[in-house]
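Remember, it's 1-based here, ligands and their atoms both numbered in the order they're listed.
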Amino acid sequence: MHLTEEEVAFQDSVRRMAETHVAPIAAEIDENDRFPEELVPIYGDMGLLQLWVPEEYGGPGANLTMVCLAREEIAKHSETCALLAGLNSMFALPLIHFGTQEQKDRMLPLLAKGRTLTAIALSEPDAGSDVSAMRTRAVRDGDHYVLNGQKQWCSFGSVADYIMIFAKTDDGGGVSNISPFMVDVKNTPGVTFGRNERKMGMKGSINVPIFLENVRVPVENMLGEEGKGFRAAMRALDLNRPAIAAASLGLAEGAMKLAVDYARQRKQFGKAIAEFQGIQFMLADMAMQIEAARGLVYTCARAGDKGDFEQLSMLASMAKCFASDMAMKVTTDAVQILGGYGYVKDYPAERMMRDAKLNQIFEGTNQIQRLIIARNLLAA
Ligand SMILES: CC(C)(COP(=O)(O)OP(=O)(O)OC[C@H]1O[C@@H](n2cnc3c(N)ncnc32)[C@H](O)[C@@H]1OP(=O)(O)O)[C@@H](O)C(=O)NCCC(=O)NCCSC(=O)CCS(=O)O
């Protein structure tokens, strides 16, 4: 993978930031399931929250490769903290790709300042993989839309200032009646949040249900043409799945480093366990799988940088699926190499294994990724 000088400098600065600010809190935020709010100004000042915001609006104007580099570096220490890099992606991407000039002029300079948190609300209790089954309704009433319904799993929802909420503008099935609405959730009556989900892993990253009761949203906050929002959701997912893949890559690299360090110092039968072939083969498999995932992640990122969206969709699914399955295997093997110490909280191996599981599920399960890959193959 060839990186430009600018990309290498960016990667170095994120690596240093992660060693200084993320590594020391990684175990504690997991232990306490605490949102690491102290990282918000640090990331904001480095442009990490608002990576995608173009330079013309005051943002860093990062490309997909840089988003992936940031996620990879931070996830070596904590995937929860990695998810905060490009936190604004899922809100900003539909806006950048499908918003009107007026909407971009209004919202993007605000995001560029690096203190505004945003989220996306797509999934519902009965509409996860099947996005088009959503039931949240938006009914036009004069110069407003009135939103009613329930969203589920909203990442960072209860700390967000703005949420891109997807709703249907009529009762029909299919995807031709879905629209995204930018909602100023802290200043709009009718929006309430449920309890932060008690997850197995990725603790400290918030996931909440959202209840929408007669939420009045100005017409000018609907993105694009009414009913044409499904493509905006898919574009955001196509551009964010590689970032989940990159976080999986970083997580696996962190787990492999831990396993290598441990295998070198742990002595059994009179020698370091790294001298046993059984351990060496496991470490070699980890390294091979990590490098294979890296190739796929950054090939995919370059397709995104070129704006080749037709290619990107399938590559994004391949990268997300392959890298997250790989991270599950590598983190599980890291726990195995650490033995009993891998299974307890004295080492981060068990946290990494718990975190890895979510990557196979969110942003579209790996079964959905395989379905997208197969559909692309068969349509060709
Ligand atoms: C399963 C899906 C991939 C597809 O769903 P459908 O089978 O319902 O839709 P299709 O018939 O495939 O497509 C309908 C329509 O859209 C066009 N399309 C499809 N994909 C794309 C794309 N990537 N880019 C552009 N356009 C696209 C397609 O050509 C059709 O157009 P025509 O009607 O022919 O003109 C999808 O539902 C899916 O990805 N499901 C997974 C959802 C997911 O990832 N959810 C996670 C959400 S994020 C999260 O978990 C955080 C929490 S949050 O609050 O939600």
Side-chain angles (χ1 to χ4, degrees), residues 83 86-91 93-94 97-98 117-136 149-160 162-168 172-178 180-181 183 185 191 193-194 196-197 199 202 205-212 224-225 227-245 247 300 303-304 307-321 324 358-380:
L83 295 184
L87 168 85
N88 288 339
S89 301
M90 294 295 274
F91 182 94
L93 288 167
H97 289 259
F98 297 97
L117 299 184
T118 63
I120 187 173
L122 190 60
S123 305
E124 298 187 358
D126 296 318
S129 296
D130 185 2
V131 174
S132 71
M134 72 172 65
R135 292 213 298 253
T136 295
Q150 183 183 338
K151 292 292 175 180
Q152 190 71 19
W153 314 121
C154 183
S155 300
F156 301 108
S158 54
V159 292
Y162 291 88
I163 304 185
M164 189 73 74
I165 299 180
F166 285 77
K168 282 193 168 180
V175 301
S176 59
N177 49 4
I178 295 174
F181 297 84
V183 184
V185 286
V191 181
F193 299 98
N196 184 19
E197 299 293 350
K199 301 189 295 292
M202 222 74 91
S205 78
I206 294 166
N207 289 90
V208 284
I210 311 179
F211 305 98
L212 305 163
E225 209 182 316
K228 303 276 186 223
F230 185 76
R231 250 163 33 95
M234 292 301 115
R235 176 69 55 82
L237 288 169
D238 285 346
L239 282 163
N240 206 46
R241 285 172 180 153
I244 300 296
C300 168
D308 185 350
F309 296 119
E310 218 159 280
Q311 245 222 323
L312 176 69
S313 183
M314 179 155 89
L315 283 174
S317 290
M318 286 178 171
K320 191 272 191 189
C321 187
S324 59
L358 188 54
N359 293 333
Q360 296 179 303
I361 297 171
F362 73 168
E363 299 280 328
T365 63
N366 281 2
Q367 285 67 34
I368 287 293
Q369 307 311 324
R370 288 180 168 91
L371 180 136
I372 293 170
I373 296 163
R375 280 186 184 178
N376 272 272
L377 277 178
L378 297 169

Requested in this report: Kindly state if atom 40 (N) of ligand 1 has a protein heavy atom within a strict 4.0 Å cut-off, that is, under 4.0 Å?
Outcome: yes
Report summary line: Closest to atom 47 (C) of ligand 1 among protein heavy atoms sits S123 OG, 3.7 Å
Report task. Hey, could you give me the CE/SG distance between M164 and C154, rounded to the nearest 0.5 Å? Result -> 12.0 Å
Report summary line: shortest atom 20 (N) of ligand 1-to-protein heavy-atom contact is with M234 CG, 3.7 Å
Query raised in the report: Does an N or O anywhere in G364 fall below 3.5 Å from an N or O of ligand 1?
Result: yes
Query - For S313, the ligand 1 atoms whose distance to one of its heavy atoms is below 4.0 Å - result: 23 (N)
Requested in this report: Can you pull out the closest protein heavy atom to atom 37 (O) of ligand 1? Residue, atom name and distance to 0.1 Å, please.
Outcome: S129 O, 3.3 Å
Query - For atom 51 (C) of ligand 1, the protein heavy atom that lies nearest, with its residue and separation - result: S155 OG, 4.0 Å
Report task. Below 4.0 angstrom from a heavy atom of R241, which ligand 1 atoms are there? Numbered from 1 as shown, please. Result -> 39 (O), 41 (C), 43 (C), 44 (O)
Query raised in the report: Is there a donor-acceptor contact under 3.5 Å from the side chain of N196 to the main chain of I206?
Result: no
Query raised in the report: Which protein non-hydrogen atom lies closest to atom 8 (O) of ligand 1, naming both residue and atom, and how far is it?
Result: S132 OG, 3.9 Å
Report task. Output yes when a protein non-hydrogen atom is found under 4.0 Å of atom 24 (N) of ligand 1, and no otherwise. Result -> yes
**Report entry** T136 side chain reached by K168 side chain, heavy atoms, under 4.5 Å
**Finding:** no
Query raised in the report: Can you list the ligand 1 atoms lying under 4.0 Å from a non-hydrogen atom of L237?
Result: 43 (C), 44 (O)
Query raised in the report: Is there at least one protein heavy-atom neighbour under 4.0 Å from atom 33 (O) of ligand 1?
Result: no
Query raised in the report: For atom 28 (C) of ligand 1, is the nearest protein heavy atom under 4.0 Å away?
Result: no
Query raised in the report: So does K199 have more than 12 non-hydrogen atoms from other groups sitting under 6.0 Å from NZ?
Result: yes
Report task. Would you mind checking which non-hydrogen protein atom is closest to atom 5 (O) of ligand 1, with the distance to 0.1 Å? Result -> F230 CZ, 3.9 Å
Report task. Please identify which atoms of ligand 1 are closer than 4.0 Å to at least one heavy atom of I372. Result -> 3 (C)
Report task. Output the list of atoms in ligand 1 that are nearer than 4.0 Å to some heavy atom of D238, sorted by atom number. Result -> 22 (C), 23 (N), 24 (N)
Report task. Within a distance under 4.0 Å of any heavy atom of I368, pick out the atoms of ligand 1 and give their elements. Result -> 40 (N), 41 (C)
Requested in this report: Please list all pairs passing the salt bridge (Lys or Arg N to Asp or Glu O under 4.0 Å) test where one or both residues lie in residues 311-321, with sequence neighbours left out.
Outcome: none
**Report entry** contact_flag R231 ligand 1 heavy-atom lt 4.0 Å
**Finding:** yes
Query raised in the report: Short N/O distance, under 3.5 Å, between V175 and ligand 1?
Result: no
Query raised in the report: atom 50 (O) of ligand 1: which protein heavy atom is closest, and how many Å away?
Result: E363 N, 3.8 Å
Query - Taking atom 12 (O) of ligand 1 as the reference point, the nearest protein heavy atom with its distance - result: R375 NH1, 2.7 Å
Query raised in the report: Hey, does the side chain of N88 reach the backbone of T118 with a donor-acceptor pair shorter than 3.5 angstrom?
Result: yes
Query raised in the report: Going by heavy atoms, is G174 under 4.0 Å from ligand 1?
Result: no
Report summary line: Quick note, salt bridge (Lys or Arg N to Asp or Glu O under 4.0 Å) partners involving residues 361-379, not counting sequence neighbours, are D325-R370
Query raised in the report: D308 side chain to Q311 main-chain N or O, any donor-acceptor pair under 3.5 Å?
Result: yes
**Report entry** Donor-acceptor under 3.5 Å (S324 side chain, C321 main chain)
**Finding:** yes
Query - Under 3.5 Å donor-acceptor, Q369 side chain and G364 backbone - result: yes
Requested in this report: Check the angle between the aromatic planes of F91 and Y162 and answer parallel, tilted or perpendicular using the 30° and 60° thresholds.
Outcome: tilted
Query raised in the report: Tell me, do F166 and I120 make a side-chain contact under 4.5 Å, heavy atoms counted?
Result: yes
Query raised in the report: Counting N and O atoms only, with roles assigned by atom type, does the side chain of E124 sit under 3.5 Å from a partner on the main chain of R135, one being a donor and the other an acceptor?
Result: yes
Query - Per-atom contacts, ligand 1 versus V131 - under 4.0 Å to a heavy atom - result: 37 (O), 40 (N), 42 (C)
Report task. Please check atom 16 (O) of ligand 1 for a protein heavy-atom neighbour under 4.0 Å. Result -> yes
Query raised in the report: Short list, please: which atoms of ligand 1 are under 4.0 Å from a heavy atom of I120?
Result: 53 (S), 54 (O)
Query raised in the report: When you look at CZ of R231, are more than 12 heavy atoms from neighbouring residues, nucleotides or ligands closer to it than 6.0 Å?
Result: no
Query raised in the report: Does N376 use its side chain to pair, donor to acceptor, with the backbone of I372 at less than 3.5 Å?
Result: yes
